[in-house]
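Heads up, the thing below is written out as structure tokens.
Each chain gets a letter, A, B and so on, in the order the sequences are listed, and its residues count up from 1.
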Amino acid sequence: MTEEVLARGFYRRDSLAVAPDLLDRLLVVGDRAGRIVEVEAYCGADDPASHAFRGPTPRNLTMFGPPGHLYVYFTYGMHFCANVVCGEEGEAAAVLLRGLTALRGVDAMRAVRPTARRDRDLGAGPARLCVALGIGRAHDGADLVTGDRGVVVVDDGTRPAVVSVSGRIGLRVATDRPWRFYVPDAPGLSRPG
DNA sequence: ACCGGGATGTTCT
DNA sequence: GAACATCCCGGTG
């Protein structure tokens, strides 16, 4: 089966369109890789829950850049989370990566995530996903189209049979917007279902 | 299984 | 000073 890197144009669309299309794509970081099974869309200036809602800051600058780059942020004093920048440059739309099925480099993932009881827990959650793949501050701004810093998103032809939708998780505002997309019953979901 | 609290530090008000 | 796109652990049932 052929593997193709997703092109710039894939990301240059509304985050609500990109988000479900990212499901079952392979996220590759160096020697580790997994399948994206859960994401959330964030819609720039129109979205009170988005980091971009109040305009550009040093932290969220990557979101305002060109699409197809990784936006990595630090939160809760100890966790990194990773997004894919979408839409036109300046739009600051993004898709948060929340769940991963571990595929390659699973031994390395187990080594850095000793608290994971089962392999399906390795990438189950946005911060866990980053630890499992080794994503940190150094990856902020990496270009997913060129394979910058070893990070790339690949289409291997696999498509989800069904995509489920729900409200976003962990927010205090705009919680009612049904902008979470996931592959039901896939290993690596941040919560069962 | 489910729930509650604490960890930990950057960012913005 | 408060909030935070989270996770882990230890309680209870």
Looking at every strand, decide which applies to [X] at a 4.0 Å heavy-atom threshold: base, sugar-phosphate, or nothing.
X         : value
Arg168(A) : nothing
Ala127(A) : sugar-phosphate
Thr57(A)  : sugar-phosphate

On the nucleotide [N], are OP1 or OP2 found under 4.0 Å from the side-chain N or O atoms that [X] carries?
X         : N      : result
Thr115(A) : dC8(C) : yes
Arg113(A) : dC7(C) : no
His51(A)  : dA5(C) : yes

Pi stacking test for Tyr42(A) and dA5(C): under 5.5 Å apart, planes under 30°: yes

Quick check for you: among [options], whose closest atom lies nearest to any side-chain atom of [X]?
X         : options                  : result
Pro126(A) : dT11(B), dT10(B), dT6(C) : dT6(C)
Met78(A)  : dC7(C), dT8(B), dT13(B)  : dT8(B)
Arg54(A)  : dT10(B), dT13(B), dA5(C) : dT13(B)

Ring-face cation of Arg137(A) near Phe74(A) (centre distance under 6.0 Å, axis angle within 45°): yes

Distance under 6.0 Å and angle within 45° of ring axis: Arg8(A) vs Tyr11(A): no

Comparing Arg128(A) and Arg172(A) on DNA chain C - which has the more 5′ nearest nucleotide: Arg172(A)

Partner nucleotide of dG4(B) by Watson-Crick or wobble geometry (both distances under 3.5 Å): dC9(C)

Under 3.5 Å donor-acceptor pair, Tyr73(A) side-chain atoms to dA5(C) base atoms: yes

Intermediate values then yes/no, side-chain hydrogen bond (donor to acceptor under 3.5 Å, both in side chains), Asp140(A) and Thr62(A): CA-CA 7 Å; Asp140(A) 182 43; Thr62(A) 300; 3.1 Å; yes

Nearest-angstrom distance, P atom, dA2(C) to dG6(B): 16 Å

Donor-acceptor pair between His51(A) and Tyr71(A) side chains, under 3.5 angstrom: yes

